Asks: 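Quick one: this structure, given as C-alpha cells, is what I'll be asking you about.
Predicted model, so just to flag it, every value in this text is computed and none were measured. Proteins get letters first, then strands, A, B, ... in listed order; numbering begins at 1 in each.
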Amino acid sequence: QQQVKQSPQSLIVQKGGISIINCAYENTAFDYFPWYQQFPGKGPALLIAIRPDVSEKKEGRFTISFNKSAKQFSLHIMDSQPGDSATYFCAAGFEGGNKLVFGAGTILRVKS
Amino acid sequence: SAVISQKPSRDICQRGTSLTIQCQVDSQVTMMFWYRQQPGQSLTLIATANQGSEATYESGFVIDKFPISRPNLTFSTLTVSNMSPEDSSIYLCSVVSYEKLFFGSGTQLSVL
C-alpha cells in the first residue's frame with residue numbers, strides 16, 4: 001500500500017533528447033507527488049511537484065504528467081543536457097511533504 | 001527554502017563505536033526528519049525528530065540504535081550506535097519548509 005515503483009533503473013539519453021521516468025503508486029490517499037534530483041555527494045534537491053487536481057505541470061524543461069485513474073506519474077526532461085546527468089527520485093505522500101515514500105531512483109546519463 | 005547544514009559530511013568509523021550527526025537549520029521548522037540512503041538505494045525514513053519529546057521511529061528502526069535529540073526548532077542530532085558495516089550509508093537530515101521537504105547534503109558513513 002505504501003510502495004512507489006519507479007522505472008527505469010537507469011537511462012541513457014543523447015543531448016537534446018527527451019528523458020522520461022515513470023512512477024506508480026498504490027495508496028490512493030496520497031495527494032502530493034514530488035520529484036527530486038540528486039548529484040553525487042549531495043542531498044536530494046526538490047525539482048518539481050504536482051498535486052492530483054491537475055494532470056500536468058511544467059517548469060522550464062521539466063514536466064510532470066499525472067494520471068490519477070492509473071495511479072501513475074512521470075517526469076519528462078525536454079532538451080536533455082549533460083548537466084542533467086544525476087539520480088532522479090519520485091516520491092508520494094501528503095501535502096506538506098510529510099512522510100514521503102520514495103521510489104528506487106533512476107540514474108540518468110545524458111551523452112554529449 | 002531552508003538552508004540545512006549537516007556535520008560531519010563524511011566519516012570512517014570502526015565497528016562497535018558510535019557516531020553523532022548534527023543538523024542545523026537556518027530557520028525554525030516544526031517538522032524535521034532523518035533519512036537513510038544505503039549505497040545505490042532509495043531513501044528510507046528513520047524517524048521524525050520531535051522538539052521537546054521523544055522521536056517517532058518508523059518500522060525497523062529503534063531508539064537504542066538511532067537515538068535522536070531535538071532540543072529546539074533549529075537543531076537535531078542523530079546517533080548511530082554500536083555500528084556495524086551494515087550501517088554504512090548516507091544519513092540525511094530533512095525539514096519541511098513552506099510545505100516542501102528539503103534535504104541537507106548528507107553524512108556519508110563508512111563502517112569498517
Side-chain angles (χ1 to χ4, degrees), chain A residues 1-11 21-25 27 30-53 57 59 62 64 75 86-109, chain B residues 1-11 21-26 29-50 55-61 76 78 89-110:
Chain A
Q1 190 79 4
Q2 290 292 94
Q3 276 191 321
V4 175
K5 295 181 180 178
Q6 183 172 345
S7 63
Q9 190 173 17
S10 63
L11 181 61
I21 305 171
N22 301 299
C23 282
Y25 63 99
N27 188 343
F30 287 151
D31 63 1
Y32 178 67
F33 304 90
W35 285 88
Y36 285 82
Q37 179 188 58
Q38 185 178 31
F39 293 105
K42 301 290 186 182
L46 179 63
L47 193 59
I48 187 173
I50 197 169
R51 291 193 164 81
D53 53 343
K57 182 174 181 179
E59 289 184 2
F62 301 91
I64 299 180
L75 176 69
T87 301
Y88 292 81
F89 293 96
C90 65
F94 301 98
E95 188 173 347
N98 183 15
K99 290 209 171 186
L100 293 178
V101 178
F102 285 83
T106 296
I107 301 172
L108 171 65
R109 179 185 165 205
Chain B
S1 65
V3 176
I4 305 168
S5 302
Q6 251 185 266
K7 291 192 297 186
S9 58
R10 59 177 63 232
D11 207 341
I21 302 167
Q22 298 181 3
C23 177
Q24 179 75 52
V25 189
D26 68 341
V29 292
T30 302
M31 307 193 76
M32 185 178 283
F33 308 95
W34 287 96
Y35 281 82
R36 182 175 73 182
Q37 185 176 20
Q38 293 177 299
Q41 302 294 316
S42 187
L43 295 90
T44 302
L45 180 62
I46 298 172
T48 302
N50 300 309
T56 306
Y57 291 84
E58 298 299 308
S59 176
F61 298 96
S76 178
L78 169 74
S89 292
I90 299 172
Y91 292 86
L92 294 152
C93 172
S94 66
V95 304
V96 173
S97 177
Y98 296 99
E99 298 188 339
K100 297 176 183 177
L101 188 68
F102 296 95
F103 288 89
S105 56
T107 296
Q108 185 161 352
L109 171 62
S110 297

Asks: What's the shortest heavy-atom distance between Pro44(A) and Leu43(B), and which atoms?
Replies: CG-CD2, 3.7 Å
Asks: Within the supplied structure, the quantity of interest is the number of heavy atoms (other residues, nucleotides, ligands) at a distance under 6.0 Å from Arg51(A) CZ; does it exceed 12?
Replies: yes
Asks: Applying salt bridge (Lys or Arg N to Asp or Glu O under 4.0 Å), can you list everything that pairs with Lys57(A), at least two apart in sequence or on another chain?
Replies: Glu59(A)
Asks: Can you give each donor-acceptor pair under 3.5 Å made by side-chain atoms of residues 93-110 of chain B, sequence neighbours left out, with the distance rounded to 0.1 Å?
Replies:
unit_1, atom_1, unit_2, atom_2, d
Thr107(B), OG1, Gln6(B), NE2, 3.1
Thr107(B), OG1, Pro8(B), O, 2.6

Asks: Heavy-atom distances under 4.5 Å only: say whether Gln38(A) touches chain B with side chain, backbone, both or neither.
Replies: side chain
Asks: Has Ser42(B) got a side-chain atom pairing as donor or acceptor with Gly105(A)'s backbone, closer than 3.5 angstrom?
Replies: no
Asks: Counting only non-hydrogen atoms closer than 4.5 Å, does Leu46(A) touch chain B with its backbone (N, CA, C, O), its side chain (CB onward), both, or neither?
Replies: side chain
Asks: Pair Phe89(A), Gln37(B) - check side-chain contact (heavy atoms from CB on, under 4.5 Å), show working.
Replies: CA-CA 12 Å; Phe89(A) 293 96; Gln37(B) 185 176 20; 3.3 Å; yes
